[in-house]
Asker: 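Sending over a structure as structure tokens; questions will come in a sec.
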Amino acid sequence: MRLNFRRFDFVLLVATLMLMVYGVAMVYSATLGVSGYEEYAARQVIYALIGLGLMLLIAAFDYRLLTSFQWIFYAVIVAALGAVTVIGQVRGGAAGWFDAGIVFIQPAELSKILFAVVFAQYLASRHDELNKPQWVLGALGLILLPVGLVYMQPDLGNAIVLLVIGAVMLFVADLPWGYIVGAVLASALALPLIYANLQGYMKQRIDIFLNPASDPDASFNIAQALISIGNGGLLGQGFTQGSQSQLHFLRVRYADFIFSVIAEELGFLGAVVLIVLLLVVLWRLITIADQARDLFGRLLVAGVIALVMFQMVVSIGMNLGVLPVTGITLPFISYGGSSLLTLMIGIGLAESVAMRNRKIEFD
Amino acid sequence: MLARPLPPSLRLAILRGLMLLIAVTFVARLWHIQFVQGQGLQARADENRFRLVEVRGQRGVMYDRNGELLMRNRPSFDIVVIPSNLPDDEDEAYAILQELDKIIVASESNLPLHLEDTQPVTATVAAGAGVGQQGRPQFRERLSVDEAIIKVNNALKGGAYRPIVFAGRVTSETAFAVAEKSYLLPGVELSITPVREYLTGALTSQLLGFMGPIPEIYKDDYVAEGYRAEDQVGLAGLELTFEKALRGVDGRRNIEVDVNGREVRTVGDIFPSAPGNNLVLTIDARLQALMEDALKKGLDAAKTEIGVAIAMNPKTGEVLGLVSLPTYNNNLFARGITADEYQALIDDKRLPLLNHAISALYPPGSVFKIVAASGALQEGIIDENTRLGDSFDGRVDGIVYVDNRFFPDDARYAQPFYCWIHTYGTGHYRINVREALAVSCDVFFYQIAGGYRKTFEGLGIDKLIEYTRIFGFGEPTGIDLPGENPGLVPSPRWKRLIYAETWSAGDTYNMSIGQGALLTTPMQVLNATVAIANGGTLYRPQLVRQVVDTAGDVVEEFSPEAIRPLPVDSAYVSVVREGMWSAVNSANGTAKNLTVPGVVVAGKTGTAEFYDPEIPLLKNNRLPTHAWFTAFAPYDDPEIALVVFVFNGGEGSATALPVAQDILRGYFDLKNARNAPLAPAAAVTSTLAITSTNTLPGLEALITTTVPLSDTSGGGN
């Protein structure tokens, strides 16, 4: 098959690249002068380069080839998540890591993209049976197995991400409104039940979000994030000059709270530029999905959209104090190899879809 | 496979709209935080990063008259517990304190446990010890874990942020051991306080004194003057007297800190701290050392342990050296004294904490005769040629009799009074006042003070008391040291009140030779001697020449302060001076053994009987005696006057005189070596300018407390 980069979405590529450069710069600032973190920015550069290569490679392949591997992928997801729950190393409170030499690989991250592939094919191949309950039940089962495994790690954040990916894909797959309304009502009713079954630290985070005064120590991070953002003003304190981040009042600056670092050091303008760049990425992804040649491609991109959009909303929302604290990272910006590689694979898939869209070509 | 054309998706359009909505919401929220709440949050960010800290103003130090540094400031370490920072759970807190205790004991097993708060320090001992103020010194000790927990629990009811000293004055090794394990010890902190290091130690302890916590009863007064309750202040000696001059002014500085409270940089001085002023003392450290050696030698020779030597410039009242033995080492107090060490000092019968030179009272004996002589001459009782003595009754045996007041004509009831020479079976016969001073004839002084039968009218007790007081006895000399004892000048009224007895002629006889109830401090004796030496001016003894700032500029210069000119004609003072010259320089003078090469010395011996139930009587039931010697030199133009006192030292000429000789020889050797009078002031200040930088690096930056920057609680969410 001949490669055709004429329909390659260069706007998407450029916006992604800018986000990654932005991310490396902010990881550099957030870890500046902290012993033990000297190599974070450099490592992030390497992840970004690997991610870029991976993206181009994946874009070159026809995404439709993936349809053949649907069940293999699903088996891999379930096996990996199951294995990591059992034997994975305990790191950062969650047993979500495989120690693959130097780099720690988080199966939960990669499973998101594989799950999108699997689920897109499931939905696309049964598109005509859209309103049959057994079809919807099957879809639910397909979602809930990996979600359950991730939750048991325990990793509430990524479990929700998986759930949201599935939900958005169902939504884009034109699930009848009746089901959607029903699902929303059902979840609303089930909420107290879910809350009651949440693990300790998850409950605590929600409690603190709902009532910050309940634990002054734990709400410290949220308060410091708000102070950092407020301290930024229009133009910020200057790159590497934020007092809140450089004096370490802000915790987990290179990941969960990196948005606050941006808002403090680069101000309102820096934060808006970030949001606009993410909007451009999402805008282009939605356009690609809209123009996809087939439903599988559209749904696959919808999964990527869900991934980027949900993480962006939750991460920024948490920094702005409108959503509870979760371990979810800011896409393309936060430090983390697994997360960045997953995102770049997603972008690669989207580019693959873009290059084979439904516009008629006249060679 | 040819797929159907895929129509544009409504659902994707909805997603696009949702995305834009969320983005707009976020930007609006961002706007709100950064611009509506911005100022309040910025203030909170500043509150996070800035701390106002107190910066200790360095306490001034002291130099001797030649610019030799006598003390330094150095950091000392206390391990404190901040109750509010300990875990709330008492078991956890207990475990932490146990861990802390283990670390401290492992490093410093000899750190004593804290005793009960009521040390048996009676007010009289403390005051008599020259401590001057009732207070506990800084103890080197640690709390037991149980005691600490009780204190922590009490503090949690109020004042939970105030540090509790768990282990006071630990070694730097212990401090570092605790600091290393600080991650195991939340709520435990190291408190660094500047303390003194007295370079001359025991040699100058009685003069310099020491510092310690503010005594409880004075806490309010000190706090009213801007001290903090936990500050250290002078408790004794010049540290106490010159507390105000020495005290540094604490400043406040704005610093930037990180989340752990570590200082990142200094932002600015709000009020700069200012170091205290330095003192230039009148004493000469080398002379002081020489005096101590001489006195120790004298005490050893006399097999006694208590003694005093003071040297003064007779023209100014400047104290050149002051030694009181036995003494203590004030570094014990500076580094933190253990309860055992303190108890030992207090229990010591020889009262090492007492400055015997100014706080202890002794009968002056014959060195007092200069007073009686001056009074008799001035009042016209005698002239310089009047001859009195023991031969009025036809016998030269060193005995005179005082008639019984009820049977004045019956010799059987007359009371005998002896001259010291009586034990040699003879008397001094009739002599004039110069000779009487030279040979220290007791009979002569009995007679000029109390008269002799109907033959001779004496000065009388009222006049004798008047002259005694004129010479400064019975009142404090006003020396710059706390705890001075005014002494006792007895009087008929006093005797009636205390003993319900009438003053007798014998009492006047006794007082004339410095015996009886008359009690003086060695400093008073020296002061009286100086007044004769300088031709008739009683000076306030001074220990400080100058108060200088750290740049070496003189802030205050002390000039000689005359208490009073003696109302004694200078011609009469000269007669008394000549008598003191004869004591040293005539063939039968009591101090004829004294020689200082190339220098003419005048002096007066004293051998004062005393009664002490703990000291056995001598052979023939004679009372034991203190040895005294006073001197000044050179005779023509005196620049040094001395008193030497040896407790239970026997004869003044045998015991005190050699000490004075050693001191005088040493003094003139020192002077000749330098070939100039002692230390011109200009030379001193130039030395100071250099040595004033002689402080420990970084000590002024020691931070002990932080206070919130300001009340900026607005803003936020």
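Below, chains carry the letters A, B, ... as their sequence lines are ordered, and counting in each starts from 1. Basis for what follows: all heavy atoms, side chains included, without hydrogens, waters or symmetry-related copies.
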Asker: Below 4.5 Å, heavy-atom pairs only: which of A:Ile305, A:Asp174, A:Val172 has the largest tally toward chain B?
Answerer: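 Max contact count across the listed options: A:Asp174.
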Asker: Does any heavy atom of chain B fall under 4.5 Å from the side chain of A:Ser228, the backbone, both, or neither of them?
Answerer: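 For A:Ser228, neither part sits under 4.5 Å from chain B.
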Asker: Restricting to non-hydrogen atoms, name the atom on A:Arg298 and the atom on B:Ser9 that form the minimum distance, rounded to 0.1 Å.
Answerer: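 Between these two residues, the closest heavy atoms are NH1-CB, 3.4 Å.
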Asker: Identify the heavy atoms of B:Phe26 and A:Val313 that sit nearest to each other, and give their distance.
Answerer: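 Minimum heavy-atom separation between B:Phe26 and A:Val313: CZ-O, 3.3 Å.
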Asker: Restricting to non-hydrogen atoms, name the atom on A:Leu279 and the atom on B:Ala23 that form the minimum distance, rounded to 0.1 Å.
Answerer: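 Closest pair (atom of A:Leu279, atom of B:Ala23, distance): CD1-CB, 3.5 Å.
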Asker: Say you draw a straight line from CD1 of A:Ile316 to CZ of B:Arg29; how long is it, rounded to the nearest 0.5 Å?
Answerer: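 Answer for the CD1-CZ pair, A:Ile316 versus B:Arg29, is 13.0 Å.
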Asker: Under 3.5 Å, is there a donor-acceptor pair between the side chain of A:Asn231 and the main chain of B:Leu41?
Answerer: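 Absent.
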Asker: Taking C-beta and beyond as the side chain, do B:Ile33 and A:Leu320 meet within less than 4.5 Å on heavy atoms?
Answerer: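 Side chain of B:Ile33 against side chain of A:Leu320, heavy atoms only: contact under 4.5 Å found.
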Asker: Of the backbone (N, CA, C, O) and the side chain (C-beta and beyond), which part of A:Val168 lies under 4.5 Å from a heavy atom of chain B, both, or neither?
Answerer: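 Side chain of A:Val168 only, per the 4.5 Å heavy-atom cut-off to chain B.
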Asker: For A:Gln224, is it the side chain, the backbone, both, or neither that has a heavy atom closer than 4.5 Å to a heavy atom of chain B?
Answerer: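 The side chain, not the backbone.
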Asker: Looking only at atom types and distance, does a side-chain atom of B:Gln34 sit under 3.5 Å from a main-chain N or O of A:Leu234, one as donor and one as acceptor?
Answerer: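 Answer holds: no.
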Asker: Say you draw a straight line from CZ of B:Arg44 to CD1 of A:Ile227; how long is it, rounded to the nearest 0.5 Å?
Answerer: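 The CZ atom of B:Arg44 sits 3.5 Å away from the CD1 atom of A:Ile227.
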Asker: Looking only at atom types and distance, does a side-chain atom of A:Gln244 sit under 3.5 Å from a main-chain N or O of B:Asn48, one as donor and one as acceptor?
Answerer: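 No, the answer is negative, given that no donor and acceptor are paired below the 3.5 Å cut-off.
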Asker: Among residues 11-22 of chain B, which residues come closer than 4.5 Å to chain A, judged by heavy atom distances?
Answerer: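 Interface residues of residues 11-22 of chain B: B:Arg11, B:Leu12, B:Ile14, B:Leu15, B:Arg16, B:Leu18, B:Met19, B:Leu20, B:Ile22.
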Asker: Does any non-hydrogen side-chain atom of A:Phe259 lie less than 4.5 Å from one of B:Leu30?
Answerer: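 Yes, their side chains come closer than 4.5 Å.
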Asker: For A:Leu274, which atoms come within 4.5 Å of any heavy atom of chain B: side chain, backbone, both, or neither?
Answerer: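 Neither part, no heavy atoms under 4.5 Å.
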Asker: Does any heavy atom of chain A fall under 4.5 Å from the side chain of B:Phe35, the backbone, both, or neither of them?
Answerer: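 For B:Phe35, the contact with chain A is made by the side chain alone.
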Asker: Just wondering, do A:Ile275 and B:Val27 contact through their side chains at under 4.5 Å, heavy atoms?
Answerer: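 With C-beta onward as the side chain, the pair touches.
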Asker: Would you say B:Asp146 has more than 12 foreign heavy atoms packed within less than 6.0 Å of its CG?
Answerer: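 Yes.
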